[in-house]
Amino acid sequence: EFYKAYCNVEGENAKDFQEVFKWAKQILKDYNEIDLYLVDPDKIFKAIDEASAIKTWNLGSPLTHYQKRYLKFFKSLGSYYKEFDKNRSEKSYAYHGLVYRKVAEKIDYLIKNFRNEKILFAGLNALSPSEEKIIFSLQSQGFADILWDADEYYMNDNNQEAGLFLRRFYKKSFNKKFLWIEDNIIKNQKKIN
């Protein structure tokens with residue numbers, strides 16, 4: 001599907017499938033991250049285009065053929081994304097990050113139509129912005145509980161990077177109830193062989 005979108009954008013200048021396949025996997029991974037992290041596609045592709053222009057800047061010298069192709073490629077990423085999204089939408093396809101983006105964008109509508117069920121989220125640490133929006137929106141409306149498993153060693157010491165997300169989510173949590181905050185790291189005896 002991405003290759004079709006690429007060909008639609010490039011027209012007769014499109015490279016063959018094998019050549020595009022070499023870099024398409026990374027592009028699709030980046031598109032997934034853009035959606036998962038709720039990044040504005042227009043803004044990110046504009047920033048990428050501007051950064052690549054700065055990278056190839058030659059004071060007073062004309063751009064080489066390679067540099068022109070490089071700039072055109074980065075300028076095209078946004079067009080590929082839009083065309084890929086249009087084609088994907090027409091066929092009702094989705095990928096991981098896009099599913100999270102769509103649910104996060106429509107979470108208020110989904111909550112209004114939610115059945116009286118409870119969702120339990122467990123084993124969380126670092127969450128993407130889309131996951132945060134979904135989980136905390138459901139929790140704030142009483143449709144979800146979050147089961148945390150944390151240790152005071154990470155929760156109470158800001159120097160412990162491993163607890164960064166847990167501390168942030170604790171502040172964000174609506175009921176301030178963390179199951180379970182224990183004190184096993186300091187208090188439990190260790191035996192090291």
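All residue numbers in this chain count up from 1 along the given sequence.
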Supply the atom-to-atom distance [X] [atom1] to [Y] [atom2], rounded to the nearest 0.5 angstrom.
X      : Y      : atom1 : atom2 : value
Ile146 : Gln139 : CD1   : CD    : 4.0 Å
Ser61  : Gln67  : OG    : CD    : 9.0 Å
Met155 : Asp151 : CE    : CG    : 10.0 Å
Leu98  : Phe84  : CG    : CZ    : 8.5 Å
Tyr95  : Phe2   : OH    : CZ    : 10.5 Å
Leu138 : Ile119 : CG    : CD1   : 5.0 Å

Open item on the list: Does atom NZ (Lys25) have a neighbourhood of more than 12 heavy atoms from anything else shown, all under 6.0 Å?
Closed with: no
Got more than 12 heavy atoms from elsewhere within 6.0 Å of CD, Gln26? yes
Any donor-acceptor N/O pair, [X] side chain to [Y] backbone, under 3.5 Å:
X      : Y      : answer
Lys187 : Ile185 : no
Glu19  : Asp16  : no
Ser137 : Ile134 : no
Ser130 : Leu36  : yes
Asp145 : Leu120 : no
Ser89  : Lys86  : no

Where [X] and [Y] come nearest, the two heavy atoms and their spacing:
X      : Y      : value
Tyr6   : Asn13  : OH-O, 4.3 Å
Ala94  : Val99  : CB-CG2, 3.6 Å
Arg88  : Asp85  : NH2-OD1, 2.9 Å
Arg101 : Val39  : NH2-O, 2.5 Å
Leu166 : Ala150 : CD1-CB, 3.9 Å
Phe121 : Leu124 : CB-CD1, 3.8 Å

Report yes if the side chains of Ile107 and Glu105 come closer than 4.5 Å at any heavy-atom pair, otherwise no.
no
| task | Start with the C-alpha distance between Arg168 and Glu132, add both sets of side-chain angles, then the distance that settles side-chain contact (heavy atoms from CB on, under 4.5 Å), and finish with yes or no. | result | CA-CA 11 Å; Arg168 198 172 96 214; Glu132 279 187 46; 2.4 Å; yes
Do the side chains of [X] and [Y] get close enough for a salt bridge, i.e. N-O under 4.0 angstrom?
X     : Y     : value
Lys46 : Asp40 : no
Lys91 : Glu1  : yes
Glu50 : Lys55 : no

Q. How about Phe136 and Phe169: are their ring centres within less than 6.0 Å of each other?
A. yes
*Between Asn184 and Glu182, does any side-chain donor sit less than 3.5 Å from a side-chain acceptor?*
yes
- Any donor-acceptor N or O pair under 3.5 Å, side chains Glu83, Asn8: yes
In short, side-chain hydrogen bond (donor to acceptor under 3.5 Å, both in side chains) pairs touching residues 70-81 with sequence neighbours left out are Glu10-Lys72, Glu10-Tyr80, Asp35-Tyr81, Asp49-Lys75
*asked:* Asp42 vs Lys82, test: side-chain contact (heavy atoms from CB on, under 4.5 Å). Steps then yes/no.
replied: CA-CA 9 Å; Asp42 293 331; Lys82 286 180 182 170; 3.2 Å; yes
Which of Val9, Ile44, Ile48 passes side chain to side chain contact (heavy atoms under 4.5 Å, CB included) with Leu77? It is Ile48
Mind checking whether [X] and [Y] sit in one hydrophobic cluster, side chains of I, L, V, M, F, W, Y counted as touching below 4.5 Å?
X      : Y      : value
Tyr3   : Trp23  : yes
Tyr100 : Leu127 : yes
Phe73  : Phe21  : yes
Tyr154 : Phe165 : no
Leu38  : Val103 : no

From CA spacing to verdict: side-chain contact (heavy atoms from CB on, under 4.5 Å), Lys190, Asn188: CA-CA 6 Å; Lys190 313 293 184 283; Asn188 284 2; 4.0 Å; yes
Sorted by chain and residue number, the side-chain hydrogen bond (donor to acceptor under 3.5 Å, both in side chains) partners of Gln160 (sequence neighbours excluded) come out as Tyr153
